[in-house]
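Not measured: the values here are computed from a predicted model. Throughout, protein chains are lettered first and strands after them, A, B, ... in sequence-line order, and every chain is numbered starting at 1.
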Protein chains: 2
Amino acid sequence: MASVDFLAGERRKAEFDVDAMKIAWAGSLSEFQLHDRISKLVASDPALSKEGRTMMPRKELFKNALRKVNHAWKLINELRLTEEEARKFRFYMDEPAYTDLHWGMFVPAIKGSGTEEQQKKWLPLAYKMQIIGCYAQTELGHGSNVQGLETTATFDPRTDEFVIHSPTLTSSKWWPGGLGKASTHAVVYARLIVDGKDYGVNGFIVQLRSLEDHKPLPGITVGDIGMKFGSGAYNTMDNGVLRFDHVRIPRDQMLMRVSQVTRDGKYVQSDVPRQLLYGTMVYVRQAIVSDASTALSRAVCIATRYSAVRRQFGLQNDGQETQVIDYKTQQSRLFPLLASAYAFRFVGEWLKSLYTDVTEKLQAGDFSTLPEAHACTAGLKSLTTSATADGIEECRKLCGGHGYLNSSGLPELFAVYIPACTYEGDNTVLHLQVARFLMKTVSQLFSGKHPVGTTAYMGRLQQLLQCRSNVQQAKDWMNPSAVLEAYEARAARMIASCAKNLNNFANSEDGFAELSSDLVEAAVAHCQVIVVSKFFEKLQQDIPGNGVKQQLENLFGIYSLYLIHKHQGDFLATGCITPKQASLANDQLRALYTLVRPNAVALVDAFNYTDHFLGSILGRYDGNVYPKLYEEAWKDPLNETVVPDGYHEYIRPLLKQQLGIARL
Amino acid sequence: MASVDFLAGERRKAEFDVDAMKIAWAGSLSEFQLHDRISKLVASDPALSKEGRTMMPRKELFKNALRKVNHAWKLINELRLTEEEARKFRFYMDEPAYTDLHWGMFVPAIKGSGTEEQQKKWLPLAYKMQIIGCYAQTELGHGSNVQGLETTATFDPRTDEFVIHSPTLTSSKWWPGGLGKASTHAVVYARLIVDGKDYGVNGFIVQLRSLEDHKPLPGITVGDIGMKFGSGAYNTMDNGVLRFDHVRIPRDQMLMRVSQVTRDGKYVQSDVPRQLLYGTMVYVRQAIVSDASTALSRAVCIATRYSAVRRQFGLQNDGQETQVIDYKTQQSRLFPLLASAYAFRFVGEWLKSLYTDVTEKLQAGDFSTLPEAHACTAGLKSLTTSATADGIEECRKLCGGHGYLNSSGLPELFAVYIPACTYEGDNTVLHLQVARFLMKTVSQLFSGKHPVGTTAYMGRLQQLLQCRSNVQQAKDWMNPSAVLEAYEARAARMIASCAKNLNNFANSEDGFAELSSDLVEAAVAHCQVIVVSKFFEKLQQDIPGNGVKQQLENLFGIYSLYLIHKHQGDFLATGCITPKQASLANDQLRALYTLVRPNAVALVDAFNYTDHFLGSILGRYDGNVYPKLYEEAWKDPLNETVVPDGYHEYIRPLLKQQLGIARL
């Protein structure tokens, strides 16, 4: 079949160097090359096809995921991929599996919380996958509140063992990925009980299944918790339930880097500072932000290409209808998401450098920036995952009816993405943590403590409480300083206002509870300052490539002005801008949509996603949507026969009025 | 097993007569009794259980749906249910099936567009289900733009037949429910071609399958379009694809109530006014609004009950953690949705009366109120379905991690609901229609034409452009007139502002396109006036029952003040309220949350949903969540064996390092 490109016309319109933009998106030439090579490696392997995934019944789906993991592991070894390459390989396989937890949580938990000796014993087994591990923290009754976990690990000095036990139904471990069917081991979080005293939650390495026949060991009840949102999606994963009936493990399987239990039953804190563990949290959350930009950009890529293919209404002179992407209503919903994908990409890149920075400081024993880094990652995790979840669904709606078909790829993308709003800290809980940090920052201002990092602007609080935007015409909004000042002023004023209102409460905790909604809004405003300012910082860098920086400046304008429009209430209520200025921002936004329009398809091409990774007929690179949608339909199991199974039993008797109806 | 009620304490807290509220919700005692009786009839029938639906592979799922439809039809006949009872029965079965289209679209299409003779011929067959019909309008290439459909129906005067044909791939009928596998007949919409002239889109009754063996008739290609969003959900339905290769039907199978083709090939308009057909559209959309309140209230019922069961953080004196529903962050997300469910319920009730009113006027030949009724239903369809789709997902998030399990019922509710944002008019397209009507209304003001119905307030435009809210303290916002005035002023000003900006364009269509985002926002503001004012009107009525009206007043306050907060930008930018007044609205909102809190569980009990209809473990009436979640997990097919299928092929070789890796 001749290869077609129905989007060639769109691609010719681009006013910038797409290859250079690919590198800007990836972060560097080498990163681009790595992604490009690995994603194509995965895409070209028929054994890793995603075909039919949403049609498979659960058991088949899970078995298929096991097959792929096995195949990938073989390839990873045969090709001698580096750790980084292997991670990318699993990423581009684009299918949740037990290995995500084995590599992403089990290994890091042992690395982070295990002693050197424990690492020496367990890591080689894990690296070779001679054991499969998962991370058993959340329980049926406790998710966000880790300190409320109920599973117990009671030290038995007679035998030098811990007895792991599930004392209640709600203490059943619930949700850990890879636990249900695949894992042989788990890092189990349980309350450490020594001599009747509760020392809080600690991690323990527990073998769950026999390495000979995979059967659960005595005292262990383990299974899958059942199907989850969507078809395909996270149902390839065996999220599990686990109960312990007085399961004994040797004392040396408590992860003892930070605290230990001695042979004679003494609880001892090591000299390793507990804060070191927080470094991991920063790492995990920066990865989540990076994943947010990936997920959102996938959805945007699909919706943008399809919006260029789809025509509806508005007959043009050439006899064709108007491309959907030419409608301002479509642009005003789609382009802010395109801009958000880029914004999240760059803030994610910055977070990576923050992580490196924090790690170095931690290793040097400097914990001073940790609270700020912690608040910053918590807030950005919350902001980007919420926006991405909503954005994917918005992209689906932008694809009209066909977006509802699994073959559009969007239902599965949504279903597989949304847990990110809940795991690693529920988004509302995280925003409240940010707010708490901000309130502390404000109160410390008065004692002369200078806020650092992303809260540095709070040091100019007095100025920010008084400044007035000097935007006078629409194009003044293209001045990033004007934008940034408005954002900082709005956030500072909302934060200050919360702090003031809290003072009206006799009990500050009562106040915090009562005003929590306002506090969340202030935290969001603060996090938007971070995203906008990091995007702005990116634009200060040298970005090679013809027209590339210009496009990014347009996207920066769209991202920041779109949010000003969306949160107009905040900006006006705090008096940072006037209604007239808000209206000018909106005018400028429309002008930017017009500028981005001819570049839209090229801007999503710059993500460099393979059709395999996109997994969407609507988002196909070649725009050959309709014939492929039509082809795909016939693959549904219902189409195996012309006359459906059930016709003779249930349709024919009805048509022929042979139901044997008993008149009651 | 002893029956438990873990929510009994919550129910005791209620400050109103729940039974009376059930009647207020249902609309009348007789409506309540009807719903109550039919929903329990369905719930008590084991053959109509929804158990395991999300785990079934497609073919099994579809066959199971056929079985249920068959069973239901038998019962409906045996019990001699009325048409209304039968409709409720199908509604409470809560499973999309071909009968939805047969009864909801095929029959009404023939009734609405068929001549008396045609009705006499086809309706008895349809009523007895001796034929199964669907509604084949949308095509692969055309959804919203019905006038762009490509299927042709060419009159052949030699044989007195129409030749139905699919001239292009994109002309394939695509999406019609019940088409794929079940229907024997369809009302097919096609361009009528007579003597080479295109008379636009008309409806034709076409037989698709043999009534003897259900095989497609010659020239007809028909099948299912493949799986859609979610597991279970709309996958019980055979949305179909259909192509015609010069299929001939007798001339009398064109639906000829409004226009006809005579034996000698003349196209004739009948004296039946075309507007009569619009009555159906009003009917369908009022039903969609009513369904929105049902879907949203289901989600809210689940999230409210579970928020009362779930405890997390905040250890209380009694040793228990804080109920999640006690957190203001939870309340500020959940209670506005609870209030929205009631608001949509009442505006839906009013729409029913509007439909009756419109029908009477149409029959009397009075078409004057039709444009307003049309705009009003279009806008409310769009407003309520968007809010409901978002609201269901918000409720899912409010249930934390467990909301992601299919057993929570929320994933399926979301997946099955969201098409409502697209079908019967894409929500953005509909809002633009509303905006167009509003622009016309404004322009006619100057020619002295008085706006009617829901746009009547526009007649006070001058006053609304100048008024200032006189709210001075938080409780002033409990005065509905103050609220309504602010809403009317904001909408009027946004509408007037759009009209003014449109005047700056030489070509008004260009202006409309360029400003379409603003126009959509103005349309939303207008539709919110309708919902708020109809809720307010409801409160003017006599509503019996101890405390019932008080609760509804609180919910009215929450609905209206929540939206003022959400759209603060509009209210401030148009100068309808001051930042201080916006802040007071927010204070009052928090106070209302506190008032509603003890009544929350009782307010969702008032929906009177059976556990069968809710289909959610988290939303169980008895609050017995954890044991039932645990029980449910074990029913997953993956748990049929302790060691998963695939272990020997894919896990063991990996653990045992027997992958036969070829070092490349």
Run the salt-bridge test on [X] and [Y] with the 4.0 Å N-O cut-off and return the result as yes or no.
X        : Y        : result
A:Lys59  : B:Asp645 : no
B:Lys397 : A:Asp426 : no
B:Glu514 : A:Lys328 : yes
A:Arg58  : B:Glu640 : no

Non-hydrogen side-chain atoms of [X] and [Y] separated by less than 4.5 Å:
X        : Y        : answer
B:His648 : A:His214 : no
A:Pro627 : B:Leu169 : yes
B:Tyr327 : A:Ser516 : no

How close do [X] and [Y] get, heavy atom to heavy atom, and via which atoms?
X        : Y        : result
A:Val643 : B:Asp213 : CG2-O, 3.6 Å
A:Glu212 : B:Tyr647 : O-OH, 3.3 Å
A:Asn406 : B:Phe229 : OD1-N, 3.4 Å
A:Gln568 : B:Ala573 : OE1-CB, 3.1 Å
B:Val241 : A:Tyr630 : CG2-CE1, 3.6 Å
A:Leu140 : B:His402 : O-NE2, 2.9 Å

Check: [Y] main-chain N/O paired with [X] side-chain donor or acceptor under 3.5 Å:
X        : Y        : result
B:Asn639 : A:Asp224 : yes
B:Gln312 : A:Gly143 : yes
B:Lys656 : A:Leu211 : yes
B:Asp636 : A:Met227 : yes

Evaluate B:Arg590 against A:Ser517 for side-chain hydrogen bond (donor to acceptor under 3.5 Å, both in side chains), listing each step before the verdict.
CA-CA 9 Å; B:Arg590 278 204 313 279; A:Ser517 266; over 6 Å; no
Compute the centroid of each ring, for A:Phe414 and then for B:Phe414, and state whether the two points are separated by less than 6.0 Å.
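Yes, the ring of A:Phe414 comes within the 6.0 Å limit of the ring of B:Phe414, centre to centre.
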Please work out whether the ring planes of B:Tyr404 and A:Tyr234 are parallel, tilted or perpendicular, with thresholds of 30° and 60°.
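Perpendicular, since the angle between the ring planes exceeds 60°.
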